[in-house]
Undergrad: 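Would you mind keeping the following structure in view while I ask a few things?
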Amino acid sequence: MELVKSKLAAAAAGVMAEPPAFIGEHDVKRLLNYRDLVPRLEEGLGKFSRRDSGLIQPVRSTVPLQKHQGFLGLMPTYMQNEGVLCTKLVCFYKREEGSTLPSTQATVLLLDPEMGNVMAMMDGEVITSMRTAAVSAISAKLLMRPGAEVLAILGTGKQAMSHYNVFTEIFAFKEVRVWSHSKRGGERFRNSVSGPVTVYDSVEEAVRGADAIVTVTKCTEPVLFGQWVKPGAHVAAVGACRPNWRELDDMLMKQAVVYVDSREGAMTEAGDIILSEVEVFAELGDVINGTKPACREKTTVFKSLGMAVEDAVSAKLVFDQWKVEARQS
């Protein structure tokens with residue numbers, strides 16, 4: 001811990017501290033919580049949709065990893081007014097069913113925008129799963145009908161778990177349903193959560209009558225069909241992050257009011273939007289800013305792709321908490 005204190009003292013004196021702090025998975029998970037994260041993400045989404053001149057975020061660039069059926073995504077952002085310079089490196093893969101290899105791996109770098117040095121390197125998997133789930137919860141907070149009782153989650157991986165955690169923390173659902181490709185995946189998920197969950201073998205049975213539906217699958221073809229979705233339901237679609245991948249069918253996309261995190265990102269990467277040729281009604285930030293309405297009375301789809309500003313906000317929160325602990329020890 002003396003090393004940590006010396007780094008902080010050097011940074012305060014304007015001297016570049018070496019090496020950067022490394023904040024691993026356990027510490028990121030310990031330092032990040034939804035209570036603090038959600039309001040900061042709402043603020044970040046609003047700033048992005050205002051296209052504030054002090055916020056620079058290019059569309060994610062990707063490098064194909066053809067040999068391994070994957071991609072490397074590069075997600076930089078600069079929040080000038082907050083003094084935050086951040087980038088995430090994320091690899092994501094199309095894995096065969098039953099593969100033991102991870103479908104994503106991510107690292108987040110937080111840099112000093114004046115000096116250019118890396119201040120912190122942190123595990124990006126926890127940040128990605130938590131900020132993604134938190135933004136989905138923000139979409140539900142804005143777009144889901146009041147009094148929602150039934151939540152359905154399609155998928156049982158890391159993102160499914162993070163979505164379960166934040167949705168049950170923020171909302172008072174009476175019933176939670178889960179669908180998995182495999183019986184083993186469904187049972188593992190049910191045994192991993194603290195509350196009651198009903199596991200379904202059929203997607204149709206899982207989503208019939210649900211007020212909120214979260215799709216966090218590895219599917220590249222539609223798995224959720226409009227004829228199964230209750231009118232007025234809210235769908236947070238998180239998987240299918242490539243222009244030729246889909247989770248939702250044309251009927252659902254065309255009957256819903258469609259919201260996104262970023263219009264530019266959606267028109268570049270979201271197969272659900274590109275292939276169905278639907279119009280994007282608004283960004284979540286537009287609703288937060290009051291420039292577009294929340295159409296709660298209609299079926300709504302929030303197509304999530306994730307943005308660098310979400311990683312930057314999350315990483316800053318983690319690093320700020322880490323520095324407080326370092327000073328107190």
Side-chain angles (χ1 to χ4, degrees), residues 1 3-4 7-8 19-45 73 75 77 84 86-93 100-111 118-138 140-141 151 153 155-171 176 178 185 188-195 197 214 216 236 238-239 304 306-329:
M1 195 50 70
L3 175 60
V4 170
K7 287 183 186 179
L8 292 172
F22 176 75
I23 308 175
E25 178 182 357
H26 173 76
D27 286 327
V28 173
K29 190 177 297 185
R30 182 176 55 81
L31 294 169
L32 202 55
N33 63 76
Y34 291 116
R35 182 184 64 256
D36 295 328
L37 182 59
V38 167
R40 286 168 173 79
L41 286 172
E42 289 177 325
E43 183 180 359
L45 291 167
M75 301 175 65
T77 191
V84 177
C86 181
T87 190
K88 183 169 77 175
L89 309 176
V90 54
C91 290
F92 47 99
Y93 303 90
T100 58
L101 296 176
S103 58
T104 63
Q105 291 275 30
T107 302
V108 176
L109 304 178
L110 198 59
L111 300 93
V118 176
M119 297 188 298
M121 177 186 301
M122 57 190 76
D123 177 84
E125 285 298 289
V126 175
I127 286 177
T128 300
S129 64
M130 288 187 67
R131 62 82 155 148
T132 303
V135 172
S136 293
I138 291 168
K141 178 180 172 182
L151 169 67
I153 301 174
T156 54
K158 290 180 181 178
Q159 283 287 3
M161 183 65 68
S162 61
H163 278 75
Y164 172 88
N165 289 337
V166 70
F167 271 69
T168 55
E169 179 177 324
I170 292 178
F171 307 108
V176 179
V178 169
R188 183 180 65 246
F189 184 92
R190 179 164 56 191
N191 294 333
S192 300
V193 301
S194 57
V197 169
V214 176
V216 280
V238 179
S304 168
M307 298 194 297
V309 67
E310 299 165 7
D311 298 315
V313 166
S314 305
K316 183 179 187 303
L317 181 57
V318 169
F319 192 49
D320 286 348
Q321 298 283 77
W322 180 87
K323 287 188 293 184
V324 168
E325 287 194 355
R327 290 191 180 101
Q328 291 175 345
S329 61

Undergrad: Between Ser304 and Thr132, is there a side-chain heavy-atom distance shorter than 4.5 Å?
TA: yes
Undergrad: Can you see which heavy atom on Ala312 is nearest to which on Thr77, and at what distance?
TA: CB-CG2, 3.4 Å
Undergrad: Do the side chains of Ile23 and Phe319 get nearer than 4.5 Å, heavy atoms only?
TA: yes
Undergrad: Test Glu310 against Leu45 for side chain to side chain contact (heavy atoms under 4.5 Å, CB included), laying out the working first.
TA: CA-CA 8 Å; Glu310 299 165 7; Leu45 291 167; 3.8 Å; yes
Undergrad: Using a 4.5 Å cut-off on heavy atoms from C-beta on, say whether the side chain of Glu325 contacts that of Arg30.
TA: yes
Undergrad: Would you mind reporting whether Lys141 and Ile170 have side-chain heavy atoms less than 4.5 Å apart?
TA: no
Undergrad: What distance do Tyr164 atom OH and Leu151 atom CG have between them, rounded to the nearest 0.5 Å?
TA: 9.0 Å
Undergrad: How close do Val166 and Ala133 get, heavy atom to heavy atom, and via which atoms?
TA: CG1-O, 3.5 Å
Undergrad: Minimum heavy-atom separation for Ser136 to Val238, with atom names?
TA: OG-CG2, 3.6 Å
Undergrad: Step by step, would you call Glu25 with Lys29 a side chain to side chain contact (heavy atoms under 4.5 Å, CB included)?
TA: CA-CA 6 Å; Glu25 178 182 357; Lys29 190 177 297 185; 4.0 Å; yes
Undergrad: Give, for atom CG of Asn165 and atom CG of Asn33, the distance between the pair rounded to the nearest 0.5 Å.
TA: 12.5 Å
Undergrad: Measuring from Met130:CE to Glu125:CD, what's the distance to the nearest 0.5 Å?
TA: 13.5 Å
Undergrad: What pair of heavy atoms forms the shortest contact from Ser314 to Leu32, and how long is it?
TA: O-CD1, 4.1 Å
Undergrad: With a cut-off of 6.0 Å (strictly less than), are more than 12 heavy atoms of other residues, nucleotides or ligands near CE of Met121?
TA: no
Undergrad: In sequence, state the C-alpha distance, the side-chain angles, and the governing distance for Thr104 and Lys158, and then conclude on side-chain hydrogen bond (donor to acceptor under 3.5 Å, both in side chains).
TA: CA-CA 10 Å; Thr104 63; Lys158 290 180 181 178; 5.7 Å; no
Undergrad: With sequence neighbours left out, write down each residue that passes ring pair (Phe, Tyr, Trp, His ring centres under 6.0 Å) with Tyr34, or none if nothing qualifies.
TA: none
Undergrad: Out of curiosity, Asp123 CG to Ser129 OG, how far, rounded to the nearest 0.5 Å?
TA: 8.5 Å
Undergrad: Just verifying a value: how many Å separate Leu37 CG and Ile138 CD1, rounded to the nearest 0.5 Å?
TA: 7.5 Å
Undergrad: Evaluate the ring planes of Phe171 and Phe167, with Trp represented by its six-membered ring, and classify them as parallel (under 30°), tilted (30 to 60°) or perpendicular (over 60°).
TA: tilted
Undergrad: Within this structure, what is the CG-CE distance for the pair Leu89 and Met75, rounded to the nearest 0.5 Å?
TA: 10.5 Å
Undergrad: Minimum heavy-atom separation for Ala315 and Ile127, please, with both atom names.
TA: CA-CD1, 4.2 Å
Undergrad: List the steps, then state whether side chain to side chain contact (heavy atoms under 4.5 Å, CB included) holds for Val178 with Arg190.
TA: CA-CA 8 Å; Val178 169; Arg190 179 164 56 191; over 6 Å; no
Undergrad: Within a strict 4.5 Å, meaning less than it, do heavy atoms of the Thr128 and Val90 side chains meet?
TA: no
Undergrad: Go through it in stages, so that I can follow the logic: the residues are Arg131 and Val313, the test is side chain to side chain contact (heavy atoms under 4.5 Å, CB included), and I'd like the CA-CA distance, side-chain angles, deciding distance and then a yes or no.
TA: CA-CA 9 Å; Arg131 62 82 155 148; Val313 166; over 6 Å; no
